[in-house]
A.B. asks: 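Okay, here's the structure, questions in a sec.
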Amino acid sequence: MDALADLNPAQKDAVETVEGPLLVLAGPGSGKTRVITHRIAYLVQTLGVSPRRIMAVTFTNKAAGEMRSRLQAMLGPRAAELTVGTFHAICARILRIEGAAIGLDSQFAIYDDDDQMNVIKQAMEQLGIDPKRFSPRALQSAIDAAKSQLVRVQDYAGRRNNYADEIIHRVYQRYQEILHRSQALDFDDLLVRTHYLFEEHPDILSKYQNRYVHVLIDEFQDTNIAQYSLARQMAGKYKNICVVGDPDQSIYSWRHADIRNILSFEKDYPNAKVVFLEQNYRSTQTIVEAAHHIILPNLQRKQYKLWTENDKGAPIVVAEAYNEQEEAQLVAQEIEKLMGQKEARLRDVAIMYRTNAQSRALEDTFIRYGTPYKIVGATRFYERREIKDAIAYLRLIYNPLDSVSLSRIINVPPRGIGQRTIDELSSMAQARGLPLYHALQAVADKSSAIPVASRTAAGLAGFYSMMEELRGESQKVSAVELLDLVLEKTGYKKYVQQGEDGEDRWDNIQELRNVAREKENLSDFLEGVALVSDLDNLDERSDTATLITLHQAKGLEFDVVFIVGMEEGVLPHVRSFDSPEQMEEERRLCYVGVTRARRRLYLVRAFRRSLGGMSGANPPSRFLKDIPSKLIAGYSSAKETAVTAMGVTPRPAAPLLVLPELKPGDSVKHGVFGEGVVVSAKPVKDDKEVVVAFPRIGVKKLLLSYAKLEKVR
DNA sequence: CGAAAGGCTCTTTTT
DNA sequence: GAGCCTTTCG
């Protein structure tokens, strides 16, 4: 194949500029992925660069997988020699190999957010810091912020300005001690430790610098300072570093991504070439233009304008629903209509929202409408209790020093080892500077006693010998076999199956088994599950609609996109109201969502919405006002027309609500349950509670102001 | 020790 | 509204 075929001049420029630093500013749908893959193909095929000498860093594992398979198609089996992955995955690999130089066990555990929070709470408890005065979350964020800027505990000492800093420093210090004793690294440690490994061991660094002649970084606008530093280290010798990004799509500042990296790049590499990709091939002209007007008010941006030669396409539909249930119905009905008209396949439809909590109403409604859907995130698979428990057993077997995993499962299923016993054990461990597991061992060996009942001591000994036995087995069997063994021997299988939602939870474990089956050994399996996200498992082949957060939607595209919750307080989120910077990020988030759409875009809002326990009315999102009305269908004249245009029965606003007079025996029609007969109706406050019998569905108690009831003569 | 019930807080986005 | 923590009871 010809790596330069079918590229526009700007894309071609980005592909051919292989020497020296290059910054590619790529708008949405401008063929960014094409540029990256073709650039690699050009290096390998045309210039004869060995794939071993190319590193490409992506934002997610999913993006890495896709890049790899695209390159496989272009280069064949040689693509396997490329280094493609996220910063985290690449660093983990390096640390497994080189960690010894910095006193790191090659079997280190990787702690996720949840584990991290456990350690922070533990550290706070040990230090006698009241979690009500200092929120563990805030401390976690402060520690993450420090790490993402490569600030270690010892570096933090000099930064203390006030009491809060003092607390952060103390927790940070204890936190690292606990991690160290557990031979565990958190996500940010993967980056920080690799950076300092390179800094302190130039011989190791030059090994990698010599190898990687070409370094590519995708989604550069969402990298943090630690990641950028790593990229610079890797590319330190040849300086053939190509970063690709779009400042307008920077939406991860809360994870300490630093948009200033783009400015730093131009400063650090004054001879860097800059290429703009501004032609959009993805969306209709209407969508591109709307996106442009949404992002325009941002002051902190590089001036470049997206344009397209595509058709004008359908107008954008802005619609208002009464509440989130109706919003969901509106979406479901419109999807039905589109399917009926063969406008799109279900897999080409996505519904996007600001917060995961919003998916609930959509899910409920889709189930009732029988609309097949898949949901990304929400209750994430790897955050489910049973999954975390099962993995904790395996992690403990792999690395017995992993105290977070040990504490997690020492009494799951219950084996008479209560909180008091665990506290006793961990204070003994703490006092002697021992890992928790060694304290357990000491008690089990009777070489040391802790003040607990003999029955409890026996429980500890039993648990210890069971774990030792499993550890012995782990050398001989595969990952799946070990998982099965664990589930059986520890009694976890029985425990799950007999517990609440036993069947569902057991199914989840079977799902985990499938993952384990594909892995060679325990180490591979654990590495895999530590760094995966739900998005990585998004199956695009099944013909179902996709429910997804705006953040996760970055990098994806769909024919039809619904963005729901277009309200002040939701998008933009309330938490951004007092910060202009955060408000700009909300705007970018909206921009990302809008530019995911190829052909049709729906912006939907609800007049009322319950957030948490409270229900309230929100004004329309300010972003809606920024879209020129000529791009919108039936909005400017009257709000209700848009709803009607979509074939959904409009509903008057709440204060004007006219409740139908209903009495027992009346026939009514419900938007979801269909036709039914009123059994009883009684007034409640300003409302009416109606009991309706629906054939096949059953008897439902409904509040007249909420239920969508129509009187059928 | 463990299960169940009640009270509290917060509630954005995720490698 | 839900998850997390604490309290209470068996």
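Residue numbers start from 1 in every chain, and the chains themselves are labelled A, B, ... in the order their sequence lines are given, proteins ahead of strands.
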A.B. asks: Using the side-chain heavy atoms of A/Arg360, tell me which of these nucleotides is nearest: C/dA2, B/dT13, B/dT15.
C.D. replies: C/dA2

A.B. asks: Name each donor-acceptor pair under 3.5 Å that joins a side chain in residues 219-226 of chain A to protein atoms two or more places apart or in another chain, with its distance.
C.D. replies:
{"residue": "A/Glu219", "atom": "OE1", "partner": "A/Gln221", "partner atom": "NE2", "Å": "2.8"}
{"residue": "A/Glu219", "atom": "OE2", "partner": "A/Lys32", "partner atom": "NZ", "Å": "3.3"}
{"residue": "A/Gln221", "atom": "OE1", "partner": "A/Asp246", "partner atom": "N", "Å": "3.0"}
{"residue": "A/Asp222", "atom": "OD1", "partner": "A/Ile251", "partner atom": "N", "Å": "3.2"}
{"residue": "A/Asp222", "atom": "OD1", "partner": "A/Tyr252", "partner atom": "N", "Å": "3.3"}
{"residue": "A/Asp222", "atom": "OD2", "partner": "A/Lys554", "partner atom": "NZ", "Å": "2.4"}
{"residue": "A/Thr223", "atom": "OG1", "partner": "A/Phe220", "partner atom": "O", "Å": "2.8"}
{"residue": "A/Thr223", "atom": "OG1", "partner": "A/Asn261", "partner atom": "ND2", "Å": "3.0"}
{"residue": "A/Asn224", "atom": "OD1", "partner": "A/Ala226", "partner atom": "N", "Å": "3.1"}
{"residue": "A/Asn224", "atom": "OD1", "partner": "A/Gln227", "partner atom": "N", "Å": "2.8"}

A.B. asks: Rounding to an integer number of Å, can you tell me how far A/Gln227 CD sits from B/dT14 C1'?
C.D. replies: 12 Å

A.B. asks: Rounded to whole angstrom units, what separation is found between the CZ atom of A/Arg255 and the P atom of B/dT13?
C.D. replies: 13 Å

A.B. asks: Using whole Å, report how far CZ of A/Arg575 lies from C1' of B/dC10.
C.D. replies: 9 Å

A.B. asks: With respect to A/Glu567, which candidate in A/Arg608, A/Arg605, A/Arg609 satisfies the side-chain hydrogen bond (donor to acceptor under 3.5 Å, both in side chains) definition?
C.D. replies: A/Arg609

A.B. asks: Take atom CG of A/Asn356 and atom P of C/dA2, then tell me their distance rounded to the nearest Å.
C.D. replies: 15 Å

A.B. asks: Categorize A/Phe87 for me: base, sugar-phosphate, or nothing, with a 4.0 angstrom heavy-atom threshold over every strand shown.
C.D. replies: nothing

A.B. asks: Does the distance from a Lys or Arg side-chain N to an Asp or Glu carboxylate O, for A/Arg395 and A/Asp402, drop under 4.0 Å?
C.D. replies: yes

A.B. asks: Reading DNA chain B 5' to 3', how would its secondary structure be written in dot-bracket notation, given Watson-Crick and G-U pairs with both distances under 3.5 Å, brackets [ ] for crossing pairs and | for partners on other strands?
C.D. replies: ||||||||||.....

A.B. asks: Ignoring backbone atoms, test whether A/Asn224 places a side-chain nitrogen or oxygen under 4.0 Å from the OP1 or OP2 oxygen of B/dT15.
C.D. replies: no

A.B. asks: Is A/Glu125 paired with A/Lys121 through a side-chain N to carboxylate O contact shorter than 4.0 Å?
C.D. replies: no

A.B. asks: Can you tell me if the side-chain N/O atoms of A/Asn411 get under 4.0 Å from OP1 or OP2 in B/dG2?
C.D. replies: yes

A.B. asks: Grab the CE-C1' distance between A/Met124 and C/dC4 for me, whole Å please.
C.D. replies: 15 Å

A.B. asks: Quick one: is A/Gln552 getting a side-chain N or O under 4.0 Å of the B/dT13 phosphate, OP1 or OP2?
C.D. replies: no

A.B. asks: So, do A/Tyr175 and A/Tyr172 have ring centers that fall under 6.0 Å from each other?
C.D. replies: no

A.B. asks: Examine C/dC4: is either OP1 or OP2 under 4.0 Å from a nitrogen or oxygen in the side chain of A/Lys121? Give yes or no.
C.D. replies: no

A.B. asks: May I ask you to decide whether A/Glu584 forms a salt bridge with A/Arg587, counting only side-chain N to carboxylate O separations under 4.0 Å?
C.D. replies: no

A.B. asks: Over how many whole Å does the gap from A/Glu219 atom CD to B/dT15 atom C1' extend?
C.D. replies: 13 Å

A.B. asks: Are any of A/Arg137's side-chain N or O atoms less than 4.0 Å away from OP1 or OP2 of B/dC10?
C.D. replies: no

A.B. asks: Between A/His573 and A/Thr86, who's closer to the 5' end of DNA chain B by nearest nucleotide?
C.D. replies: A/His573

A.B. asks: Measure the distance from OH on A/Tyr252 to P on B/dT15 and round it to the nearest whole Å.
C.D. replies: 6 Å

A.B. asks: Tell me whether the side-chain N/O atoms of A/Thr549 come closer than 4.0 Å to OP1 or OP2 in B/dT14.
C.D. replies: yes

A.B. asks: Is the NZ or CZ atom of A/Arg96 positioned over A/Phe108's six-membered ring, under 6.0 angstrom from the centre and within 45° of the axis?
C.D. replies: yes

A.B. asks: Write down the distance between CD (A/Gln140) and P (B/dT15), rounded to a whole number of angstrom.
C.D. replies: 14 Å

